[in-house]
Structures are given as C-alpha cells and as structure tokens.
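Order of appearance sets the numbers: ligands from 1, and atoms from 1 within every ligand. Quick caveat: nothing in here was measured; it's all calculated off a predicted structure.
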Amino acid sequence: MADKRTPDPTGLDVLWREEDYFYPSAKFIGQANLTDPSIFERFALENMPDAFREYADLLSWDKYWEKTLDTSDPPFWKWFVGGRLNAAYNCIDRHLATQRNKTAIHFVGEPENEATEHITYQELWVRVNEFAALLKDMGLKAGDRVTIHMPMVPELPISMLACARLGVIHSVVFGGFSGKAAGERADDSQSRLLITMDSYWRAGKLLDHKEKADIAYDESEKAGHKLDAVLIWQRYPGKYSSPTTLVEGRDVVVNDRLTSFRGRRVKPVSMPAEAPLFLMYTSGTTGRPKGMQHSIGGYLSYVTGTSKFIQDLQPEDVYWCMADIGWITGHSYIVYGPLALGASTVMYEGAPTFPDPGRPWRIAEELGVTIFHTSPTAVRSLRKVGPDEPAKYTYHFKHMTTVGEPIEPEVWRWYYDVVGKREAVIVDTWWQTETGGFLCSTTPALHKMKPGSAGPAVPGIHPIIYDDDGNVVPKGSGRAGNICIQNPWPGLAQTIWGQPERFVETYFARYCKDRSSTDWRDWPYLAGDAAVQAEDGYFRILGRIDDVINVAGHRLGTKEIESAALTVKEVAEAAVVPAKDEIKGVMPELYVSLHPGYEATEALQKKIVDAVATELGPIAKPRHVWVVPDMPKTRSGKIMRRVLRSLSDKGDAGDVTTLANPEVVDAIRSQVEN
Ligand code: WTA
C-alpha cells in the first residue's frame, strides 16, 4: 500500500486532524474575477482539452491556432498548434495603448534608505527593447539558450523579457545557487551567454556575485561547453561594485555597452506557440538536474488564466509575490502571469526579516499591496521573530497565497488572523516546476478554505490518486497514494531538455495504460507527491515519493547533496535525509562514513558542509553532518535512509532486525542523541 511506503517528510498525516472551514467575505466575493461556478462544468473532464481555449483567449496572438491539442507524439503534448505569438509583446507592448504610465514593477531594494523604483510599462518596454537590441547585436537569435544567474533586481525580468522578445530560450538559475551549479546548467543547456550581476544586497551585506560567474564559466568549459561571453549588470549603474576583476574579451559590462543602444527598438519575433519560452532546472532522483522546458503559448496561457482566476489579479491591485524569480513561482507569478494581465508586480531584493521582521508589512503599507503571496517557511519565520509586527502597519490584503510546501493549520491561522487581519482569503496552491502553474487550490470566491489542505483542483485539472498497484484510492478512504493528473493542461512542461526518455519515465511510465496510444486518457501525469483526498474532495499533499527534499519550499535532490559530500576525499559513503525543522519544514541532515585511516574531526565536518555549499549553494547546507562508523544497510547493501531519518527526528527506527548490521543503529542513535 502506498501509505506504508511513501515517505512523508512532514508527518502530517499522523498529526493533523480534520479542520474547520473558513469562508471568503462578501466583500471579496463582490469584487472577484471568478464568481460563476459554471467554470467547473466548462472545464469538466469531458470538455478537455478544448476548454483551455478560454485561457489562450486572454492572450494576443499574431496568428490564431488551428488545433488546441496535438497528441500525435505522446506524452509530448503540443498546445495551440499553428498559433503564433510573442511573450514579451503580451507582457508589455499590448498594454502600452491603455496604461503606458502604469507601474509594471515596483522594485524595493534591501537598503531601506534607497528609494523604491516604480518602473512603468513604458519604461519596461524601453529597457527591454534596448537590452534585446544588445543581445541581437551579439548574434543571439530565436532558439538559442542563455543562462541567467541573477539576484532579485528589475534587470532580471528585463533580461528574461528581452530573451522572450527575440525567441531566445532563457534558463534562470536561482541567484543563491553556487557558480558551479550555474555552470553545470549552462553546459547542460548549451547556453551561449551567461547573464549575471556584479553584486547584490542580502541581510545587510553587499555580496560579491561576479565571483560566481567566473566559477560558472570555468565549470561549463570543463564540462566541454564554452560560453561566448559573460554579461554583467551593475547593481549601481555606472559603478562596478565587485572586487572580482573583469576578464578582458569575455566579460561585458551591460550598463556600459547599453549606452550605444539608447533608443533602439526590436520588433518582437513572432514565435510558434509550441516553441520553448524557458528552461527551469529542478532536482530529481539522479545527480543530474532536469531542465524542464516550458512553451510560449501553453505556458503563458496557463499562468495568465490562473493569475486571473486564482490570484484574482485585477487592474487596481498591487500584487506582491515574495518569492524569488529564480524558482518557478517567480517565473509564473511574479513575471509572466501578472505582466500578461497588465498588473503591478512588486519585487523585493532582500531578506524578509531585514532589518527587522516588520519589513514586509512596511513595504505592504507603503505600496498599498492588496495581494500577498509567499511560502509557509517565510510565514513560520515571520511569525516566530515578529508575531505582533503586522498589527503595527495599516495595509489591507484582500487575498493571500501560500506555495511550495504544506502549511500547518496553526501557522495558517496566524497568517489568516494576524497577517490577513481576517480580511483576506487564503489560497494554498499545490503545484510544481514541471506543471507551470497551480494544480490544486481553492478558487477564492467559490470555495471555503480548510487550513492545511491545498483544496480541490483548479479548473481544468483532474487529479486522481492511485495506489502502487494502479487501483484508484477513493476520496474519504483515509488512505494515501500517488497523486496524478488525468488530463494534459497547457502549463505542463513539454519535455526535459536533452532527456526526453527521462521525461517519459519519470512522469508517465508508472501509470501509462498503453504506450502506443495517442489518446491522452491513457497517459496520467505522475506528480511525485503522496496525497490523501478527504470526503469533501479536498487534497492534502503529504510529501515527495522520490529522492527529493523540499527545504523551505525549494527542491533539492538527495543525490545532488550526496555527490557533493563525496567530492571530499575522506568520505566513503554519504546519505542525506530530511529532518523535521521548526521553521523550514525540513532540513537536510547528512550521514557520512569515512575511508579507513581518517578520523571524524570538526574540521572535516566543516569541510563537508563547505563542499555542499560550493557544489550547490548555501541553501543546500546540511543542518548537521554525522560522521558514523558505518551506514545501516540491507543485506543487499542498500543504505536504509528511512532508519537514518527516524534517528534524525529522534523517532522510532522501526524494525531493524533485517539489516545486515543492526548493531550500528544503536551506535548512531547514541551519537545523534548526545
Ligand atoms: C511541494 C514549487 C504541499 C510538493 C511550486 C511538490 C507542496 C514540490 C505545495 C514542488 C503545497 C508545492 N502543499 N506541498 N501547497 N506546493 N509543494 O518544483 O512536494 O519547487 O512536488 O515547485 O513542492 O516544488 P517546486
């Protein structure tokens, strides 16, 4: 049975009881975009895929499509085939006629003495055009790839949109990731350029970011791929703010070079709907990250539709998604969805609790934010360090979102009562890098809320839970299983860049009814999460069924962390497990055994932690490294991570008598408990 085998990093299924409902206010319902429940009939399973025409009609097409869904090469679905459009045109140009002077991006830098920038649609258009002209001048053309490794500054979406204007495929790597990680991804995508920035502010420090570009360049070259050039934006235009020297002939300071492109305009390239818009790398079960490839027409339709109906984005709203654009959440719900709707979107550079935990609420008050979107980790940490801060500020949210991880009902209630002041509806959105946009969430004006549950599916998404034998697990059974989506939807990634077989194997092979079938009904999408559906139809997501750890809503592959540890020569074996954490949900804890002749020292532990930070980035740093005499193993030699995990959580290790070396469990336990 799935619920016996599937890891549940949170333990939610045991700890959480059924919760009471909360209802959206009449005031919210009165103004909402989506109040007509017939949408669920229009988007019923029998109306798939044609119903998604409604989402595509939110966009401006150069040429209308001929076929809604082409299933001839399953499961590589093609949406809106024959249609042509440009994503940057849809996010910028088409709004100029009516709202040239409206703020597209409010940029709040971390230093509080720096003025907020309000970038109008006109200014965004000018800056994207000039940068697109620069890229074009460097020979970039539709279909080329570019790796962008940048902090949360407006130049990041400007770079993305300039690529989109030319049909260039961008691959944004989270700025907090290491140079090495950026370099590996630049190689995997065979990027022509690396776009980066000299420095940025984080928790009161101006961090050198350019140093990572040098590492990324070398890493990519070592892997066999030479980047044409490295483009460096300046955090303070006109001033190079990094101690790392520039490499002549390779490094281009964007702000200098841009002066020759003043006033230049580039016609948006009319692209096929099914051409790729971007790659977004995410972790899976192997050490090699997966470059999820998202399309222009399908993806943009889906994030625009869900921004309108689930985020309830309206022209007067000031919308703040306090996430990083380096993750899928930021792509879909800071940049593409909001801008396609012509909204005002807020970007904040720094740490949420800098210089104090009142910062987010000051920003909300100053900008008049009406929609607020963040992760449960951020909510937990703001609650812990500043539980009374929201009451000190006079903002009013109508709508709030959580994303990326389950939120404990108790934390949800603080979010609702204190942050939302009981005025805001909350949507708990469950989805993935692969899925482009939301899968499960309440529809804010139509559904009641239930703390701790992502809710039912959003329109046009038809989940089903299967057990390991392929039987349907019915709602209300109290049993968990593998949550799948029965139908294709336009936001689903098209493939894994360069690894199409892995795409089929990872997401479809498990429950495919007939590999030769071109009927999408035979190809349910396996999300890779365990879930349980309550009697009321609401889904509770229990956690990953694969070797992925979800730290603070960010996906890390256990294999990636383990291989990083194995780069330390003393380390013979490494196993990483998700250990419960009060703020971050879970944190990686690393168990290693050493080659003979080496001793466990503090210096060695530090060396291992540093190796992980260098290979992947500080976000992947283990909370603790335990150097153990031996790993608990099955007779066939497999490391029993389940046992290690229960030791980390100070829980019961269960039956260990079948292990090859049961005695080691007690030895590790006494180590961990002291
Ligand atoms: C988890 C983030 C519970 C889940 C958008 C999923 C969630 C993984 C929720 C994807 C939620 C995401 N409740 N768990 N509301 N949202 N997850 O690719 O395990 O970074 O598979 O995309 O996060 O993480 P990713």
Side-chain angles (χ1 to χ4, degrees), residues 6-13 16 172-174 176-177 279-285 289-292 294 302-303 306 310-311 321 323-334 337 373-380 400-409 411-412 415 426-442 449-458 461 463 480 482-485 491-493 496 506-507 525-532 538-557 578 584-586 619-620:
T6 43
D8 167 13
T10 54
L12 308 182
D13 52 348
W16 294 8
V172 178
V173 176
F174 170 55
F177 267 168
L279 308 179
M280 163 66 55
Y281 281 87
T282 190
S283 300
T285 49
K290 306 179 278 193
M292 302 313 306
H294 284 284
Y302 195 66
V303 298
T306 48
I310 309 299
Q311 294 303 104
C321 173
D324 196 291
I325 293 176
W327 307 107
I328 192 69
T329 300
H331 275 51
S332 301
Y333 300 114
I334 298 177
H373 185 157
T374 196
S375 66
T377 290
V379 178
R380 284 191 289 264
M400 304 194 298
T401 305
T402 66
V403 57
E405 20 159 5
I407 180 161
E408 299 78 358
V411 178
W412 191 98
Y415 196 40
I426 297 182
V427 294
D428 174 342
T429 58
W430 168 68
W431 58 295
Q432 311 173 297
T433 304
E434 291 84 344
T435 72
F438 305 142
L439 296 175
C440 285
S441 165
T442 49
M449 301 163 254
K450 187 164 79 172
S453 287
V458 300
I461 299 293
N482 299 316
I483 187 165
C484 296
I485 311 299
L492 179 63
I496 302 175
T506 310
Y507 305 109
Y525 166 80
L526 173 74
D529 279 320
V532 56
Y538 281 36
F539 292 94
R540 220 165 64 202
I541 305 300
L542 303 175
R544 303 284 312 178
I545 60 172
D546 57 12
D547 296 330
V548 166
I549 302 185
N550 195 331
V551 181
H554 302 141
R555 272 164 76 172
L556 301 169
K584 297 193 167 174
V586 296
I619 187 181

- Task: Among all protein heavy atoms, pick the one closest to atom 18 (O) of ligand 1 and tell me residue, atom and distance.
- Result: Thr433 OG1, 2.6 Å
- Part of Asn550 within contact of ligand 1 (heavy atoms, under 4.0 Å): side chain
- Message: Evaluate Arg544 for polar contact with ligand 1, using N/O atom pairs at a separation under 3.5 Å.
- Response: yes
- Is it the case that Thr374 and Tyr415 place a side-chain donor and acceptor less than 3.5 Å from each other? no
- Message: Test of understanding: with ring-ring contact (aromatic ring centres under 6.0 Å, His included), list the residues that count as partners of Phe177, not counting sequence neighbours.
- Response: Phe174, Trp327
- Note on the structure: Closest to atom 3 (C) of ligand 1 (heavy atoms only, candidates Gly585, Pro406, Gly543, Gly455) is Pro406
- Protein residue, atom and distance nearest to atom 16 (N) of ligand 1, heavy-atom basis: Gly404 N, 3.2 Å
- Task: Inspect the contact between Glu408 and Arg380 and indicate whether a charged nitrogen and a carboxylate oxygen are less than 4.0 angstrom apart.
- Result: yes
- Note, Val458 side chain near Cys440 side chain (heavy atom, < 4.5 Å): no
- Message: Please identify which of these residues, Tyr302, Phe539, Phe438, meets the ring pair (Phe, Tyr, Trp, His ring centres under 6.0 Å) condition with Trp431.
- Response: Phe438
- Message: I'd like to check whether Thr402 has a polar contact with ligand 1, where a contact means an N/O of the residue lying under 3.5 Å from an N/O of the ligand.
- Response: no
- Item | Candidates Ile310, Val427, Asp428 - the one meeting side-chain contact (heavy atoms from CB on, under 4.5 Å) with Thr442 | Val427
- Check each heavy atom of Ala454 against ligand 1 and say whether those closer than 4.0 Å belong to the side chain, the backbone, both or neither. neither
- Query: For Trp430 and Asp529, does a side-chain donor sit closer than 3.5 Å to a side-chain acceptor?
  - Reply: yes
- Message: Heavy-atom distances under 4.0 Å decide this one: backbone, side chain, both or neither, for Glu405 against ligand 1?
- Response: backbone
- Task: Work out whether the distance between some heavy atom of His554 and some atom of ligand 1 is less than 4.0 Å.
- Result: no
- Decide whether an N or O pair under 3.5 Å exists between Thr282 and ligand 1. no
- Item | For Asp529, atoms of ligand 1 separated by under 4.0 Å from a heavy atom | 4 (C), 6 (C), 19 (O), 21 (O)
- Query: Between Ile328 and ligand 1, which part of the residue brings a heavy atom under 4.0 Å of the ligand: side chain, backbone, both or neither?
  - Reply: side chain
- Task: Provide the full list of salt bridge (Lys or Arg N to Asp or Glu O under 4.0 Å) pairs with a residue in residues 431-442, sequence neighbours left out, each pair given once.
- Result: Lys290-Glu434, Glu434-Arg555
- Query: Quick one: CD1 on Ile461 to CG on Leu439, what's the gap to the nearest 0.5 Å?
  - Reply: 5.0 Å
- Message: Can you check which of Trp327, Tyr333, Phe438, Trp431 brings a heavy atom nearest to atom 10 (C) of ligand 1?
- Response: Trp431
- Identity and distance of the protein heavy atom lying nearest atom 20 (O) of ligand 1: Arg555 CD, 3.6 Å
